[in-house]
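All remarks here apply to the structure that follows.
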Amino acid sequence: MLKNNKIISNISYGITAFLFIFSYSLCFAVSLQLNIWYALVTAITSSIISVTLKSEVLAPDTFFTVPLLLVLSSNTNALLPFAVIVGGLIFIALSKKFKTYKIDPAVKSALSLSLAFSVTALLTTHYFGIGAEGFTVIEILKTYRSLGFHPNWRGVFYGTITLFCMITYPFKFRKANKYLPAEFFSLLLPLILNFILNPQIEYTPINELKDNFDFISQSDLSFFLPSFNSNFDFSMQSYVNAFKGAFSVGALLLLFNSKNTRTDSTGTTSILNGIQGGFPVRNYKIRGYSLTSATVSVLLIVYACFFLDDVLMRIPLHSAAVVLIVNAWKQVPFGDLAKSFKNGVLSTATIFILFIISIATNIFITIILGIILNILLSYFNKSKGGAENG
């Protein structure tokens, strides 16, 4: 009897892991306009790697990948796995050399704020259904200005429901969130409403996943390959962009590598997770997660990708964007941000400078400048401390 209960528990943990991991993988792939391959392999890899943790699962996190891809790598989606794997290697190399490297709270909060704003700016077009285009924050903001504010209000309705669920559900329903994650519930509710309010897919007035995503075609096996843009040019500039992305990933992991951050920092996990393009990862607590749980999760992921396309394609694109936007803002250390504003002119200036640079240029330049400012702040604080002791 106890054995059967344990098996049932392991199965239930696998179902929960599937609901959480696949929801994020789907939102990640859809928002980057990739095909089902990325959602499938990202989710499977995260499920398998999670077995080593036993009490939690790793979820693909777009906090870094969205701005890295859309801001840095215009038309270089096919090189994302290269950028991520090299980024993991750069992190491992740098972490061994800078084991005691510390990031100033002002730099950490400024980079987090910049990344969250980048995600919001780049995905607002999906949330509101504006149809804006651009690969840097300034480009897409200019597009918003030229297009004017003409949102798809039906889609905004679904996105706002998702926003409300993502914020309130984990706090109001903590016990339920352990088994039915907020990320899945926040996609499920708009999906149900969409079926009720827009039953005919041919006449739906909102943007759905089918409009921005390549699902599996039973007569075409090309979905097993990463999504290549037909206009993709393997030029030197493409590889330069990919290397910038790799360096940015490695630097971000180094800068945010501490026990207080939700970013995973284990070298093996970083490299393995880079294979499928979902990077970095964060943890979601599921007690007793086992090989049986992972097997159940993988089977459900495969089933969803192959046989639930008719259902998945009806998920409002607006909702997928909101899941990522909310998660990005959850990563901002608002406590450090508030303290930094009280730490003097230099810390305050650092926050404003990095934020403005991230909007005017891209994340790569912002990170380089952040590293320089981190060194200056460290030197200033040491000098200040020495002067006070003297």
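Everything numeric in this text was worked out from a predicted model, so none of it was measured.
- Between Cys27 and Leu187, some side-chain heavy-atom pair lies under the 4.5 Å cut-off.
- The cluster map of Ile, Leu, Val, Met, Phe, Trp and Tyr, joined by side-chain heavy atoms under 4.5 Å apart, puts Leu299 and Val311 in different clusters.
- Between Ala121 and Tyr144 the shortest heavy-atom distance is O-OH, 2.8 Å.
- Of the inter-residue distances, the one linking Leu376 atom CG with Leu346 atom CG reads 7.5 Å to the nearest 0.5 angstrom.
- Taken together through direct or relayed side-chain contacts under 4.5 Å among Ile, Leu, Val, Met, Phe, Trp and Tyr, Trp329 and Phe164 form parts of separate hydrophobic clusters.
- Side chains of Ser23 and Val323 form no contact here, defined as non-hydrogen atoms less than 4.5 Å apart.
- Put simply, Ile196 and Phe185 are part of the same group of oily side chains (I, L, V, M, F, W, Y) that touch within less than 4.5 Å, one to the next.
- Residues Val322 and Gly159 share a closest heavy-atom pair of CG2-O, 3.5 Å.
- Across Thr366 and Thr361, no two heavy atoms sit closer than the pair OG1-OG1, 4.3 Å.
- In the hydrophobic clustering of this structure, Leu377 does not group with Ile356; members are Ile, Leu, Val, Met, Phe, Trp, Tyr whose side-chain heavy atoms approach within less than 4.5 Å, directly or through other members.
- Remark: Thr124 engages no residue in a side chain to side chain donor-acceptor pair (under 3.5 Å) (not counting sequence neighbours).
- Rounding to the nearest 0.5 angstrom, the gap separating the CD1 atom in Ile372 from the CG atom in Leu354 is 10.0 Å.
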Item to check | Residues Met313, Ile201; criterion side chain to side chain contact (heavy atoms under 4.5 Å, CB included); working and verdict | outcome: CA-CA 9 Å; Met313 69 172 55; Ile201 189 173; 3.7 Å; yes

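- One distance of note links CZ of Phe18 with CZ of Phe184; it measures 7.0 Å at 0.5 Å rounding.
- Applying the side-chain contact (heavy atoms from CB on, under 4.5 Å) criterion to Pro205, with sequence neighbours excluded, gives Arg154, Asn198.
- Put simply, the side chain of Ser293 does not reach to within 4.5 Å of the side chain of Ile286, judged on heavy atoms.
- Here the closest heavy-atom approach between residue Leu312 and residue Leu26 is recorded as CD2-CD2, 4.1 Å.
- No more than 12 heavy atoms of other residues, nucleotides or ligands lie within 6.0 Å of OH in Tyr179, so this atom counts as exposed by the packing criterion.
- Put simply, the side chain of Val137 does not reach to within 4.5 Å of the side chain of Ser358, judged on heavy atoms.
- Taken from OG in Ser55 to OH in Tyr13, the straight-line distance is 11.0 Å, to the nearest 0.5 Å.
- A chain of hydrophobic side-chain contacts below 4.5 Å, direct or via other Ile, Leu, Val, Met, Phe, Trp or Tyr residues, connects Leu300 to Val302.
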Checklist entry - Between Asn194 and Tyr158, is a side chain to side chain contact (heavy atoms under 4.5 Å, CB included) present by the stated rule, with each step listed? => result CA-CA 8 Å; Asn194 193 34; Tyr158 291 115; 3.5 Å; yes

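- Partner of Ile357 under the side chain to side chain contact (heavy atoms under 4.5 Å, CB included) criterion, out of Ile365, Ile368, Asn362, Ile363: Ile365 alone.
- Rounding to the nearest 0.5 angstrom, the gap separating the OH atom in Tyr127 from the CG atom in Asn152 is 12.0 Å.
- Heavy atoms only, all atoms of each residue included: Ala116 and Val332 are closest at CB-CG2, 3.7 Å.
- Counting heavy atoms from C-beta outward, Thr143 and Thr125 have side chains that stay 4.5 Å or more apart.
- In this structure, Ser112 contributes its side chain and Ser109 its backbone to no donor-acceptor pair below 3.5 Å.
- Side-chain contact between His150 and Ile130 is present, with heavy atoms from C-beta onward closer than 4.5 Å.
- Using the six-membered ring where Trp is involved, Phe20 and Tyr24 have ring planes that are perpendicular, over 60° apart on the 30 and 60° scheme.
- In this structure, the ring-ring contact (aromatic ring centres under 6.0 Å, His included) partners of Phe173, at least two apart in sequence or on a different chain, are Tyr169.
- Minimum heavy-atom separation, Val156 to Pro151: CG2-CB, 4.0 Å.
- Applying the salt bridge (Lys or Arg N to Asp or Glu O under 4.0 Å) rule to pairs touching residues 187-212 yields Glu208-Lys210, Glu208-Arg314, sequence neighbours excluded.
- Between Ser319 and Thr162, the side chains place a donor N or O and an acceptor N or O closer than 3.5 Å (distance only, hydrogens not considered).
- Checked by atom type and distance alone, the side chain of Asn374 never pairs as donor or acceptor with a backbone atom of Ile103 at under 3.5 Å.
- Here the side chain of His126 pairs no donor or acceptor atom with the backbone of His318 at under 3.5 angstrom.
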Next on the checklist: For Ser50 and Tyr284: C-alpha separation, side-chain torsions, deciding distance, then whether side chain to side chain contact (heavy atoms under 4.5 Å, CB included) applies.
Outcome noted: CA-CA 10 Å; Ser50 298; Tyr284 181 83; over 6 Å; no

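- Expressed to the nearest 0.5 Å, how far NZ of Lys285 lies from CG of Asn177 amounts to 13.0 Å.
- For Ser340 (side chain) and Ala106 (main-chain N/O), a donor-acceptor pair under 3.5 Å exists by modelled atom type.
- Using a 4.5 Å heavy-atom cutoff, the side chains of Ile375 and Phe380 are not in contact.
- In terms of the ring-ring contact (aromatic ring centres under 6.0 Å, His included) criterion, residue partners of Phe355 (sequence neighbours excluded) are, by chain and number, Phe117.
- A 4.5 Å side-chain heavy-atom check between Leu188 and Leu19 finds every atom pair outside the cut-off.
- Evaluation of the side-chain contact (heavy atoms from CB on, under 4.5 Å) rule for Ala294 yields Val51, Tyr289 as partners, not counting sequence neighbours.
- Counting non-hydrogen atoms of other residues, nucleotides and ligands closer than 6.0 Å to CZ of Phe334 gives a total above 12.
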Checklist entry - Should Phe157 and Leu197 be marked as a side chain to side chain contact (heavy atoms under 4.5 Å, CB included) after you check the CA-CA gap, both sets of side-chain angles, and the distance that decides it? => result CA-CA 12 Å; Phe157 168 69; Leu197 300 176; 4.2 Å; yes

